[in-house]
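Structure, as C-alpha cells:
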There are 2 protein chains.
Amino acid sequence: MSQETPPRKPATVQDVAQAAGVSKATAARALGQYGAVSTSVRARVVAAAEALGYRPNEMARSMSTGRSGTIGVIVGDIENPYFGLAVRGISDGARALGFNVILANSAEDSAEERMTVEVLARKQIDGLIVAPAAAGDVVHLRDYARPLVLMDRTVAALAVDTVVMDDASAAAEATSLLLDAGHRRIAYLTATKLAGAHTEIDISTVANRIAGFARAMQAAGIGDPWAQVHFGVTPRGDGQGVIRALLARDDRPTAVLASDSLIALEVLRATKALGLTIPGDLSLVSFHDADWTSAVTPAVTVLAQPAYALGQAAVGMLIERIEGLIAPPRRVELPMRLIVRESVARIDLSASIKP
Amino acid sequence: MSQETPPRKPATVQDVAQAAGVSKATAARALGQYGAVSTSVRARVVAAAEALGYRPNEMARSMSTGRSGTIGVIVGDIENPYFGLAVRGISDGARALGFNVILANSAEDSAEERMTVEVLARKQIDGLIVAPAAAGDVVHLRDYARPLVLMDRTVAALAVDTVVMDDASAAAEATSLLLDAGHRRIAYLTATKLAGAHTEIDISTVANRIAGFARAMQAAGIGDPWAQVHFGVTPRGDGQGVIRALLARDDRPTAVLASDSLIALEVLRATKALGLTIPGDLSLVSFHDADWTSAVTPAVTVLAQPAYALGQAAVGMLIERIEGLIAPPRRVELPMRLIVRESVARIDLSASIKP
DNA sequence: CACAAAACTGAGACCGGTCTCAATAGCTAA
DNA sequence: TTAGCTATTGAGACCGGTCTCAGTTTTGTG
C-alpha cells in the first residue's frame, strides 16, 4: 500500500464519493462522522478514502461550520519564561480540548497588539486570550466581539473573564521577608517603562506589585517607598546600566526585589561585573521560579508563580465561552508561593552599612 | 465612529457591495487589491467597507487561492531554549515574509510527530519545518508531499533542504579545550535515550557530536571514549540520578560536556547537592549559550549556537520553495562558536586525581 | 469622426467541506 | 395488504472569498 503513487492533487470528498459509487453527500457523512449512513456504505466509503489517501480539508470544514477550532494568544514577551510557561499551559489545555493555538507577540505595545488582534480575527479564531499591554488602550479588545479572556492582567473597562495572580500580597510578602531580615534600603526593579507624560502605570500586575511593596514598606515605617521603585530595567535595553548605576551609589540598596527572572539575571550580571557578592553585599528576591534559580549558587529566593496553571485556567474559561457558556464575567486569582533559598542575608540593624 | 453598534453578523464582501451599490465581484476587487477598479468606485467601496466594519475572511480567501499563508513547525521540545530561539527565528522570518506559524511539539516521539504532520496537513499549511525525532522513521515526512525543510537534524533518506550546525567539529573543539586543560576523564552527557534493542543513534545531531567528541578523545590517545558517553540525562526524567551516580564514582570525570543548557543546569544542581564546586571539582562546558550561563558564577564556558539564524535560514529556504523555487536540495551548515568563560579549570597532568 | 484597444464591471463558477430537504426504500402495525 | 414510519441516500444551496469570461464604457488614434 505504501508503494502506490500518491495522487498529484489531493483527493476530495467528491473523489472518494465517485470511487465508492455514492453521492458526495453520503461520502461526506461517512467521512465526517455525522448524519446516518448504513454500515455497508460506510465501509465502502472508508475503504475508498483509504485507497485514495483522502485527507479532510480542515479549512473547508471550518468554512462551512463557522468554527476554526483555533484560538489566538497574545502576550507581551514570549521570551519571558513566565509567559512561556503560561503559553505552554494554554497549548496543552487547548490540545486536550481539541483546539489549536496561534501565538503572537505584542512587544508590550498597544498599537502592535491592535494590529495583531486584527490579523487573528481575520484568521477566524474562535476566541482570544490576551495579556493586554496597556489597560488604557483597549478599544480593539472591546471591538473584538468574540470570546475573550484576559490573562495575568486585568482591565477595569473590560468586563470579561480574567485570570490573574495575587500580585499585591505576594509582593508584600517578599518585601516583608526582606524587611524581617533587617533590610531597609530595598529597591524594586521592573521592566515596565513609565510612558512619557503621564506617570500612571498601565499594567495592573505592575501596579499591584508596587502597591504591595509600598504597603509593606510603609507598614515598616519606611517613608516614600516609591522612590525605591526603578522602571525600565529591560534586559535588552538599558537595564544593565540602571542596575549598575543603582549599585554604585553610596546609599545603594542592600536588597532588591526583581519583578521577573530576566531582571534577576541582570542583577546577577551587574553584581558580577561590580565584584559584589550575593547575598553578602546584596540580597535578592525574584518573581518567577525560573529553572536556573534553584540550580545556581547561591540559589535564588523566589516567588513561584503558577504560570502553567494560569494558562490552563485561561484556556479553560475561554473554551467554555466558545462552547456557549452564558454567565457573568468570572475572575480567578492564583496564589504565588514564596520559596526561601539562599539569596537573602540577615542584616544587623544596629550596624551601619558601609558605603 | 466608535459608538456605532458593530453588526451582529460580520460584514462580507456581498454586504459591502450592496452598500456601495456595485457587484460582489467589483467590491471584492476593490477590497482584495487585485483586478482593475476605477478610483471612484474603489473609494465608494472602501468607504462602505469602513462603515460596515468589514474584515476580510482569510479562511475564505485561502479556500479559493489554495494558499493558507501558514507554515507548520515541529520540534521535539519547545521547552529547550535552543529550540525556543530557533522557533523565534522562524516566527520573525515568517512574519517578515507574510506568513504565520503554527507550532507543535513532538516530544521527540516519531508517532507523535506523524500525527502532528497529519493534523498540520489537514489545516492546509503551505509548508513544514521539522526537527525530526528519528531519522529512521520518516515515511510520514516523505508522504507529506509539499515544501519541507529539515532543521537541526539531517535525514539521509530525505532529499530536502536542510539547515544544521557543525556539531561534530564543535564537539571536537570543546573536547580539545578540556583535553588541553589537562582533563582525561571527560564525560559527554546527552538527553537522548538509546532505544531498546538497537543501539543506533537516530538523531544526526547527537551522532555527530558524539563522533566529534570521540574523535578528539582518540586523537589524544584516550581509549574507548564511547564509554564516557551517558544517555538519557533528561531534566524531567532521571537525569539528576544519572549525574549524581556518575559524580559519586571513585573515578568520576573531572570534566563534563553537556549537550544542552538544560543538562548543564542539572549538572549544576548535582554538584550543588553533592557539595562539589565548579570548576574546582568539576569542569563544565555546555552546548548553547543560554542567558543564565553568562550571568552566574562561575560563568559557564559554552558552544554558542546561532539558533535564531538557524530558524531564519530554515524559514527562508522553505518560503522560497513555497514561492515555487525549483532547485536541488540545499544544505546549510551553521558554525558554532566556543565562548570561554570560567567553568573550566586546568588540571595538573602529573598529579593523580584524588578519588 | 469612426473604430480598435484598453479599462471597467457584472454574472456566475469554484474551492471542499456541511447541512437542509425531499425522495426512495424497507419495515412495522393495523 | 396498506398506511405510517424510519433509515438511507441524493441534489443542491451555502460559507466568503477569488477568478474567468463576456459585455459595456472609455480612451486613444488615424
Side-chain angles (χ1 to χ4, degrees), chain A residues 7-46 48-49 52-70 118-119 121-126 146, chain B residues 7-46 48-49 52-70 118-119 121-126 146:
Chain A
R8 274 286 145 261
K9 209 172 184 329
T12 69
V13 185
Q14 184 64 275
D15 301 329
V16 174
Q18 208 157 344
V22 299
S23 74
K24 178 187 168 193
T26 300
R29 275 188 282 255
L31 260 16
Q33 329 285 359
Y34 63 91
V37 190
S38 67
T39 36
S40 65
V41 168
R42 157 167 288 118
R44 202 138 45 87
V45 171
V46 170
L52 291 174
Y54 170 73
R55 176 180 282 164
N57 182 330
E58 283 297 337
M59 190 156 265
R61 183 170 300 187
S62 302
M63 188 82 250
S64 45
T65 60
R67 290 186 41 162
S68 64
T70 300
E118 182 63 23
V119 169
R122 292 180 176 195
K123 288 210 166 262
Q124 310 303 110
I125 53 173
D126 291 337
R146 289 205 196 195
Chain B
R8 272 286 144 262
K9 210 171 184 329
T12 69
V13 186
Q14 184 64 276
D15 301 328
V16 174
Q18 207 157 345
V22 299
S23 75
K24 177 187 168 192
T26 299
R29 274 188 283 256
L31 261 16
Q33 329 285 356
Y34 63 92
V37 191
S38 67
T39 37
S40 66
V41 169
R42 158 166 288 117
R44 201 138 47 88
V45 172
V46 170
L52 292 174
Y54 170 72
R55 177 180 282 164
N57 181 330
E58 282 299 337
M59 191 157 263
R61 183 171 300 188
S62 302
M63 188 82 251
S64 45
T65 60
R67 289 186 42 161
S68 64
T70 300
E118 181 64 22
V119 169
R122 291 181 176 195
K123 287 210 169 261
Q124 309 302 110
I125 54 173
D126 291 336
R146 292 206 194 193

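The shown structure was predicted, so the numbers you read here are calculated from the model rather than taken from an experiment. Hydrogens, waters and symmetry mates are skipped; everything else that's a heavy atom, side chains included, is used.
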Problem - Estimated bend of the helix from C:dC1-D:dG30 to C:dA30-D:dT1 (axis per five terminal pairs, rounded to 10 degrees) - result: 40°
Practice task
Kindly give the heavy-atom pair with the smallest separation between A:Arg42 and A:Val37, and that separation in Å.
Solution key: NH1-O, 3.7 Å
Handout entry: side-chain contact (heavy atoms from CB on, under 4.5 Å) partners for A:Arg67, two or more places apart
Key = A:Thr65, A:Phe99, A:Asp126, A:Ile322, A:Glu323
Fill in the blank from the handout: Taken in chain and number order and not counting sequence neighbours, the residues that satisfy side-chain contact (heavy atoms from CB on, under 4.5 Å) with A:Thr70 are A:Ser68, A:Asn100, A:Ile102, A:Ile125, B:Lys123
Practice task
Give a yes/no on whether any side-chain N or O of A:Thr26 is located under 4.0 angstrom from OP1 or OP2 of D:dG10.
Solution key: yes
Handout entry: Donor-acceptor under 3.5 Å (A:Arg122 side chain, B:Pro56 main chain)
Key = no
Practice task
Identify, with sequence neighbours excluded, every residue that meets side-chain contact (heavy atoms from CB on, under 4.5 Å) alongside B:Asp15.
Solution key: B:Ala11, B:Thr12, B:Leu52
Handout entry: Contact pattern, 5' to 3', of nucleotides 16-27 of chain C - B, S or - by protein heavy atom under 4.0 Å
Key = BBBBB-------
Problem - CA sep, side-chain torsions, deciding dist, call: A:Arg55, B:Gln124, side chain to side chain contact (heavy atoms under 4.5 Å, CB included) - result: CA-CA 10 Å; A:Arg55 176 180 282 164; B:Gln124 309 302 110; 5.8 Å; no
Exercise for the section: Identify, with sequence neighbours excluded, every residue that meets side-chain contact (heavy atoms from CB on, under 4.5 Å) alongside A:Ser64. Expected result: none
Practice task
Look at the side-chain N and O atoms of A:Ser23 and state whether any lies under 4.0 Å from the OP1 or OP2 oxygen of D:dA11.
Solution key: no
Completion exercise
Rounding to 0.5 Å, atoms CE (B:Met59) and CD (A:Glu58) come to a distance of 9.0 Å
